[in-house]
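Chain A is the first sequence line, chain B the second, and so forth, proteins listed ahead of strands; every chain is numbered from 1.
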2 protein chains.
Amino acid sequence: MASIHDIAKKAGVSVSTVSRALNNYQDVNPKTREKIIEIAKELNYYPSAVARGLVMKRTQTIGLFFGDHMNSGFDHPFFMDVISAVREEAGDAGYDLLIFTNKHKERATYATLCRERGVDGVFLILTGGGKKKNDQLIELQESGIPCVAIDLPLEGERCTYVESNNFLGAKKAVLHLIELGHRNIAFIGGDEIAKTSFDRLNGYRAALSESGIDLNASYIEMAYFSEELAKEATKKILARNKDVTAFFAISDLMAFAVIETLQEHALRVPEDISVIGFDDIKEASTFEPPLTTISQQKYAMGRAATNQLMKSIEDINYRPSPITLPTELVIRKTTDYIMR
Amino acid sequence: MASIHDIAKKAGVSVSTVSRALNNYQDVNPKTREKIIEIAKELNYYPSAVARGLVMKRTQTIGLFFGDHMNSGFDHPFFMDVISAVREEAGDAGYDLLIFTNKHKERATYATLCRERGVDGVFLILTGGGKKKNDQLIELQESGIPCVAIDLPLEGERCTYVESNNFLGAKKAVLHLIELGHRNIAFIGGDEIAKTSFDRLNGYRAALSESGIDLNASYIEMAYFSEELAKEATKKILARNKDVTAFFAISDLMAFAVIETLQEHALRVPEDISVIGFDDIKEASTFEPPLTTISQQKYAMGRAATNQLMKSIEDINYRPSPITLPTELVIRKTTDYIMR
DNA sequence: ATAAATAACAAAAACGTTTTTGAATTTAAA
DNA sequence: TTTAAATTCAAAAACGTTTTTGTTATTTAT
């Protein structure tokens, strides 16, 4: 690999001149610059990003953590879409993406891993949880490392997050069911701590309350975004409440599980029971029957996240702020008027 | 960020001693080592991977290129699965993943980008094509950079690839149709250059030939792995050949498009026309009707690829060799006995 | 013609590590 | 005792850049 020294020798100048020539400094003679560029091409020279990173303390790299928890990672279609957007946007801004994989480093934390790698900023796509993880998030908040999380309420001088309006989204979903005549509506939630889950539960509550329907705890189950647990939850609710006519699952993947479980119980969707999901992943429209759900703007989320991160990185004084994107009810075939 | 110098100062030793203490060299007094480790913890020290990378010429990072062509990238479920496997396996081996995004660097090539970033090896998940790309692949082959490609026949001293047995897979698919009584079988291909596409076409040919069925060029269309083009192709074949009773699309995504197009023409699947795909992505089983297809071992592909790459990286003398994994016919609901 | 300003370059320090070489001290061997 | 060997550390070079400061030669202004 040709270095700046090789060019300097061949051109008969100093390395500093080569560097400044290639970086368009003004105090270098046009002729020498041309010659240097010529030789650089000839030697197929490309600057070492790692050497440059060492001295500049900028690597043009942004880190990416994800998938601590189940069902949230590369294999989850929702996060996949926002990562896809992040990749495009970050690429346009001239950054590469570093995916942290090192689970084997015991004592390492998000912040130390970032510093170790010298990333300029970092995306967090995970679902928190646990004291240890939480301490790590706090450390990251205070570290000064630009950071933006997806669906995780992280706020600090250089930290923020982007999310959908989960409250309104959930409310919209439940109101849709109520308009169809449903009053006994089950809720298949995520967990108690995730903000997404929490907000959606509140949306569920609000919709019921506004409609004068009493909240019934026996209609509510947490399934931790797991398809397996969603099946269990469905069975439990079915066993407890013979009169349930609709399910609101706060992720499409869980909604699929709910539907499968209902069908195993010889219940037809939507004739016997209506089901609505959340996310609007690609499979929602090809599923049979096509899933009624709340659509999140995945690409916009990735774009907004990248935008915030870029600004944070490039302007030390920029104070990023949380961004909440609207959702949309998309009615397909799994919800219908109540029949009984 | 605490550096090795800070530790040295605080411990009253030289930086070289600190480095050797932390790296378990034997010529350092146990007491001093302990003290140094103590101070390192106290200062929350983590070594700079970039500084280390500069001197060691190893970054514990592997690069990842993908998605030059349409329908092959983060958003493609098939590649997503193998990337997911790669991530896990590489993580276990202590490597992080660097996703190259820089499309804006005009003159840069795969090889120069790798050298620039100093990655220890690189995965190629893309579908070749074009003289320029091809030159880049040759440059990479000859660069000495450990490299393994997915579905792209790249061979060199330190380069190899992993693929499924596309020939046999395709043959299996078509024989399945033939066993069901079909003789007029359409082929929706990728492109002329991709090896996957080429091999699958040959499998199609072989199955027909072995069964004594003449090849009919009017049954063959290339759709470049695009859903849009697959729809066009289906229409063309339908217009040309009234007697076609089955379609073999060489990707599930294209198979979906074929089915939708058939349905738009009031043709039922599988009653009127059978359709078989290739890949067995997750959606294949939830699609309605569930898609009969040829299953690729995605996770195994990722694991094999990583395995080859790790060996190439860690042993300069290792000569990686191509790996071909078996496929499996999974019969669902889109293929049936011929009715006419 | 002289001083001041400018242009064009070089030298050297810095970034944070690893590694080689060598020096000092201690221990063991003769 | 004297010499050899082993132990423990320090100094310095190296990795490939960027950037600050300084130097020389050239131009401009007076």
### Query
Once you round it to whole Å, what is the distance between P of C:dG16 and NE2 of B:His5?
8 Å
### Message
Within the 4.0 Å heavy-atom criterion, would you say B:Ser19 contacts the bases, only the backbone, or no part of the nucleic acid?
### Response
base
### Query
CD of B:Gln26 versus P of C:dT19: gap in Å, rounded?
15 Å
### Query
So how far off straight is the helix from C:dA1-D:dT30 to C:dA30-D:dT1, going by the axes through five pairs at either end, to 10°?
50°
### Message
Closest approach to the side chain of A:Arg52, judged atom by atom: which nucleotide of D:dT18, D:dA12, D:dT19 is it?
### Response
D:dT18
### Message
Could you tell me how far apart A:Lys57 (NZ) and D:dT19 (C1') are, to the nearest whole angstrom?
### Response
14 Å
## Note on the structure
The reported gap from CZ in A:Arg158 to OG in A:Ser143 (rounded to nearest 0.5 angstrom) is 9.0 Å
#### Entry: side-chain N/O B:Asn29 vs D:dT7 OP1/OP2, d < 4.0 Å
no
### Task
Answer with base, sugar-phosphate or nothing: what part of the nucleic acid does A:Gly118 contact at a heavy-atom distance below 4.0 Å?
nothing
### Closest-nucleotide 5' rank along DNA chain D - winner of A:Val15 and B:Leu54
B:Leu54
### Message
Measuring to OP1 and OP2 of C:dA10, would you say a side-chain N or O of A:Tyr25 lies under 4.0 angstrom away?
### Response
no
### Query
Where the side chain of A:Val13 is concerned, which of D:dA10, D:dG16, C:dA10 is the nearest nucleotide?
C:dA10
### Task
Tell me which nucleotide among D:dA10, C:dT17, D:dT19 gets nearest to the side chain of B:Val55.
C:dT17
## Note on the structure
Taking for B:Gly12 and for A:Met1 the nucleotide of DNA chain D with the nearest heavy atom, the one nearer the 5' end belongs to B:Gly12
### Query
With a 4.0 Å cut-off on heavy atoms, is B:Val50 in touch with a base, just the backbone sugar-phosphate, or nothing at all?
nothing
### Query
Given D:dA10, is OP1 or OP2 found less than 4.0 Å from the side-chain N or O atoms of B:Ser14?
yes
### Message
I want to verify a distance call: between D:dA10, D:dT20, C:dT18, whose nearest atom is closest to the A:Arg20 side chain?
### Response
D:dT20
### Query
Just how far, in rounded Å, is C1' of D:dT8 from NZ of B:Lys35?
14 Å
### Task
Could you pull out the closest heavy-atom pair between B:Arg33 and B:Arg20, with the gap in Å?
NH2-O, 4.0 Å
### Protein-nucleotide distance (B:Lys9, atom NZ; D:dC9, atom P), rounded to Å
20 Å
### Task
Write down the distance between CD (A:Gln60) and P (D:dT17), rounded to a whole number of angstrom.
16 Å
### Message
Are B:Arg58 and B:Glu314 packed together at the side-chain level, in the sense that at least one heavy-atom pair is separated by less than 4.5 angstrom?
### Response
yes
### Message
In the structure I gave you, are the side-chain heavy atoms of A:Tyr110 and A:Val122 within less than 4.5 Å of one another anywhere?
### Response
no
#### Entry: CD1-OG distance between A:Ile145 and A:Ser312, expressed to the nearest 0.5 angstrom
12.5 Å
### Message
Once you apply a heavy-atom cut-off of 4.0 Å, does A:Asp27 come out as touching a base, just sugar-phosphate, or nothing?
### Response
base
### Spacing of B:Asp6 atom CG relative to C:dT17 atom C1', expressed in whole Å
13 Å
### Task
For B:Ser48, answer base if it contacts any base atom (sugar-phosphate contacts may also be present), sugar-phosphate if it contacts only those atoms, and nothing otherwise; contact means non-hydrogen atoms under 4.0 Å.
sugar-phosphate
### Query
Should A:Tyr95 and A:Glu89 be marked as a side chain to side chain contact (heavy atoms under 4.5 Å, CB included) after you check the CA-CA gap, both sets of side-chain angles, and the distance that decides it?
CA-CA 9 Å; A:Tyr95 290 80; A:Glu89 297 289 318; over 6 Å; no
### Message
By nearest atom, which of the nucleotides C:dA10, C:dT17, D:dT18 is closest to the A:Met56 side chain?
### Response
D:dT18
### Task
For C:dT17, take OP1 and OP2 only and decide whether either is under 4.0 Å from a side-chain N or O of B:Tyr46.
no
### Message
salt bridge (charged side-chain N to carboxylate O under 4.0 Å, His left out), that's the test. Do A:Asp135 and A:Lys131 meet it? Break it down for me.
### Response
CA-CA 6 Å; A:Asp135 288 350; A:Lys131 160 125 179 68; 2.7 Å; yes
### Query
OP1 or OP2 of C:dC9 sitting under 4.0 Å from any side-chain N/O of A:Thr32?
yes
### Message
If you define the side chain from C-beta out and look only at heavy atoms, does anything of A:Phe65 sit under 4.5 Å from A:Leu113?
### Response
yes
### Message
Against the six-membered ring of B:Phe66, is A:Arg87 placed for a cation-pi contact (under 6.0 Å from the centre, within 45° of the normal)?
### Response
yes
### Message
Could you tell me how far apart A:Glu116 (CD) and C:dC15 (P) are, to the nearest whole angstrom?
### Response
19 Å
